Student: 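My questions all concern the structure below.
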Amino acid sequence: MKRNVSSVVSLLLALTLVFSLNTNVVFASEYDVTESPAISDIEINLPDNVDMSIDNISVDKESIVKLNNDTIAQYIVDEIQVVDSRNSTEQDSVIYYGSDTGYLAQTNDYLLYAVNLTYGDYLQARLKLPNNPQIDYDLLLYDSSLSLIKSSDYITCTDGSGTLDESIGYLASGDELVYVCIYSVGGGSETESYTLDYSVTTNFSDSSEPDENAKEAKTLNLGGSGAKITGKLNSPIDNDWYSFTVLDSPQYDRIRLNIQSSSSTNGCKFEIYQNLVSDYFGMFYMGSGNGGEVVLPAGTYYLRIVSTNTFSDFNAEDIPVYTLSVAPVSKVDMVSIAYFDLPLNKIEYNEGLYDRLEENDMVPNILVVHGRATYKGRGAANVIISGEVFDQQWIDGNQPELARVYGTAITDSNGNFTMKIQLNPACGGLSYNIGYSTHHYDFMRVTVYLANNKSITDRNYFYYYKYST
């Protein structure tokens, strides 16, 4: 936790963020990383002659959230207890939460908040700093003898929109008194306040916690196919952290991210950060969203999973379980159609020799397209391929809404893809005489292309047979 360097570094971030799908992106080009003059060791031993400022974290009736309203029947607010009407030894989990604001006037100022915990309680605290690059506050946790237990000590790093929240999580192993400490490593203000949000969840059972801080980030090994993980946000201030590495390789042309919540009332999103300071965590915010692709230069990146809900609208009876996927997307210079899943009865009509699908051959009429995406002859993995089947005969028949149908597919590790496209009925607008009968059909154009670059494409055709006369 020692910080021995005092500097203000102004850098230019040459990163291109390209999100698609349902994604919100924050672009930033210039930012400050501030390391203010600091004591040599933040693990402070408070002297006896210091007039300590200690506040008690307490809750009122509005701060109690039930996790199960079928089994928790009564609250005794004065003693901050929960009584289970069925069996007092089988209490369900309950969240206590609250918020406080305050000021630290100058470097080395601090404020302590006393918290009484019992066995199985999970304490979470989140500190939002003033939006000032010259202010650097840390969030610390001490035991009853003021020995340091945990710390969140990001170096202030802002593009003007604010710096990353400091967050800690602590699971009590017994009945104990702890102190949450807000400490000024550098700077202060008597007009710009901090905000401390906190929650205590009783009878906590999530074995993946704590991972409230980038120092506790779980590593995702992407390899060639990517990583998929599930987790849950236990409160509106819960943070889950993950890290992954982007390689300097054509296989890592883009990174695709997606997060989905199982909850119908509590949403979640990811935030992307990069650590800018060697040996310390100066976390620069790069962008956020719930799904899309981003271009990232080689390096290590951090994901923070957070709730989109606040204390006031978080539904604690519907704790969100999320699914997070992170996958490298290969560079592509060629997309090709290999073949269609059609009966092997090529036929020659007016347009030439092509495969034929009879409208009654397949119910429902689904065209299966097999193909491959490559880069310099090598299979391109995890690439989204779009497809279109176009029927000019419906345009000519004044029903353009039936002329186009679409599909998508993702390539496997070898660049191969299988795309299924539901066809509309054939129009039968074209005809060809064969002996004593006339075949009525549509001439279908199939196009596949790279989803984010339509110039990389391939086409093929087939006959869509309607009937004979």
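None of the values given here were measured: they were computed from a predicted structure. Count residues from 1 along the sequence. These numbers come from the heavy atoms of this one structure, side chains and all, not from hydrogens, waters or symmetry mates.
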Student: Check the surroundings of atom CD in Glu401: do more than 12 heavy atoms from other residues, nucleotides or ligands lie under 6.0 Å from it?
Tutor: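 Yes.
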
Student: Output the distance between atom CG (Asp143) and atom CD1 (Ile149), rounded to the nearest 0.5 Å.
Tutor: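 Here the rounded value is 5.0 Å.
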
Student: State, without any angle test, whether Asp153 and Tyr183 hold a side-chain donor-acceptor pair at a distance under 3.5 Å.
Tutor: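 There is no such pair between these side chains.
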
Student: Report the residues that fulfil side-chain contact (heavy atoms from CB on, under 4.5 Å) with Ser455, sequence neighbours left out, ordered by chain and then residue number.
Tutor: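 Scan of Ser455 (side-chain contact (heavy atoms from CB on, under 4.5 Å), adjacent residues dropped) gives Asn453.
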
Student: Using salt bridge (charged side-chain N to carboxylate O under 4.0 Å, His left out) as the criterion, list what pairs up with Arg126, not counting sequence neighbours.
Tutor: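 So Arg126 forms a salt bridge (charged side-chain N to carboxylate O under 4.0 Å, His left out) with Asp197.
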
Student: Who pairs with Thr245 by side chain to side chain donor-acceptor pair (under 3.5 Å), at least two apart in sequence or on another chain?
Tutor: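 With sequence neighbours excluded, Thr245 shows a side chain to side chain donor-acceptor pair (under 3.5 Å) to Thr300, given in chain and number order.
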
Student: Could Lys232 and Asp238 be called an ion pair, given the rule that one side-chain N must be under 4.0 Å from one carboxylate O?
Tutor: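 Not counted as a salt bridge, because no side-chain N and carboxylate O are separated by less than 4.0 Å.
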
Student: Could you tell me which residues satisfy side chain to side chain donor-acceptor pair (under 3.5 Å) with Ser330, sequence neighbours excluded, listed by chain and number?
Tutor: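 Counting only residues at least two positions away or on another chain, Ser330 forms no side chain to side chain donor-acceptor pair (under 3.5 Å).
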
Student: What pairs with Glu216 under side-chain contact (heavy atoms from CB on, under 4.5 Å), at least two apart in sequence or on another chain?
Tutor: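 Listed in chain order: Lys150, Pro210, Asp211, Glu212, Asn213.
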
Student: Evaluate Phe270 against Leu257 for side chain to side chain contact (heavy atoms under 4.5 Å, CB included), listing each step before the verdict.
Tutor: CA-CA 9 Å; Phe270 58 77; Leu257 305 103; 3.8 Å; yes

Student: Which residues pass the side-chain contact (heavy atoms from CB on, under 4.5 Å) test with Arg459, sequence neighbours left out?
Tutor: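 Arg459: side-chain contact (heavy atoms from CB on, under 4.5 Å) contacts with Arg445, Thr447, Tyr461.
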
Student: Could you check, using the six-membered ring where one of them is a Trp, whether Tyr302 and Tyr273 have ring centers closer than 6.0 angstrom?
Tutor: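 No; Tyr273 has its ring centre 6.0 Å or more from that of Tyr302.
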
Student: Give the C-alpha distance, both sets of side-chain angles, the deciding distance and a yes or no for side chain to side chain contact (heavy atoms under 4.5 Å, CB included) between Phe340 and Val368.
Tutor: CA-CA 6 Å; Phe340 304 131; Val368 181; over 6 Å; no

Student: Determine, step by step, whether Ile421 and Tyr406 satisfy the side chain to side chain contact (heavy atoms under 4.5 Å, CB included) criterion, reporting the C-alpha distance in whole Å, the side-chain angles of both residues, the deciding distance to 0.1 Å, and the verdict.
Tutor: CA-CA 6 Å; Ile421 304 178; Tyr406 303 92; 5.9 Å; no

Student: State the CG-CE distance between Asp165 and Met283, to the nearest 0.5 angstrom.
Tutor: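 Reported value, rounded in 0.5 Å steps: 12.5 Å.
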
Student: Between CG of Leu146 and CG of Leu140, what distance do you get to the nearest 0.5 Å?
Tutor: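 Leu146 CG to Leu140 CG: 11.5 Å, rounded to 0.5 Å.
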
Student: Quick check for you: to the nearest 0.5 Å, what is the distance between Ile182 atom CD1 and Ser184 atom OG?
Tutor: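 If I round to the nearest 0.5 Å, the distance is 11.0 Å.
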
Student: Using distance only, find each side-chain donor-acceptor pair of residues 169-178 under 3.5 Å and give its atom names and separation, not counting sequence neighbours.
Tutor:
unit_1	atom_1	unit_2	atom_2	d
Tyr170	OH	Glu176	OE1	3.1
Tyr170	OH	Glu176	OE2	3.0
Asp175	OD1	Tyr119	N	3.2

Student: Does Ile135 reach the side chain of Thr156, with side-chain heavy atoms less than 4.5 Å apart?
Tutor: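 With C-beta onward as the side chain, the pair stays apart.
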
Student: Once rounded to the nearest 0.5 Å, what's the spacing between atom CD1 of Ile95 and atom OG of Ser235?
Tutor: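 Here the interatomic distance stands at 6.0 Å.
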
Student: Evaluate Tyr142 against Tyr179 for ring pair (Phe, Tyr, Trp, His ring centres under 6.0 Å), listing each step before the verdict.
Tutor: CA-CA 5 Å; Tyr142 292 94; Tyr179 294 98; 8.1 Å; no

Student: Taking side chain to side chain donor-acceptor pair (under 3.5 Å) as the test, write out the residues that go with Asp333, two or more places apart.
Tutor: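 For Asp333 there are no side chain to side chain donor-acceptor pair (under 3.5 Å) partners, ignoring immediate neighbours.
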
Student: Do any pairs count as a salt bridge (Lys or Arg N to Asp or Glu O under 4.0 Å) and have a residue in residues 404-421, sequence neighbours left out, and if so which ones?
Tutor: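 Every salt bridge (Lys or Arg N to Asp or Glu O under 4.0 Å) pair that includes a residue of residues 404-421, provided the two are not neighbours, is Glu388-Arg404.
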
Student: Which residues satisfy the side-chain contact (heavy atoms from CB on, under 4.5 Å) test with Ser225, sequence neighbours excluded?
Tutor: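 Result, side-chain contact (heavy atoms from CB on, under 4.5 Å) vs Ser225: none returned.
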
Student: Find out whether Ile319 and Phe314 are in side-chain contact, i.e. whether some heavy atom of one side chain is under 4.5 Å from a heavy atom of the other.
Tutor: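 Yes. Closest side-chain heavy atoms under 4.5 Å.
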
Student: Per the ring-ring contact (aromatic ring centres under 6.0 Å, His included) rule, what does the pair list look like for residues 364-383, sequence neighbours excluded?
Tutor: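 Qualifying pairs: Tyr339-His370.
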
Student: Start with the C-alpha distance between Phe417 and Val383, add both sets of side-chain angles, then the distance that settles side chain to side chain contact (heavy atoms under 4.5 Å, CB included), and finish with yes or no.
Tutor: CA-CA 9 Å; Phe417 67 87; Val383 177; over 6 Å; no

Student: Please list all pairs meeting salt bridge (Lys or Arg N to Asp or Glu O under 4.0 Å) that have one or both residues in residues 368-387, counting only residues at least two apart or in different chains.
Tutor: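 Listed by first then second residue: nothing to list.
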
Student: I'd like to know if the side chain of Ser312 pairs up with that of Thr310 as donor and acceptor (distance under 3.5 Å, no hydrogens or angles considered).
Tutor: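 Indeed, the side chains of Ser312 and Thr310 share at least one donor-acceptor pair under 3.5 Å.
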
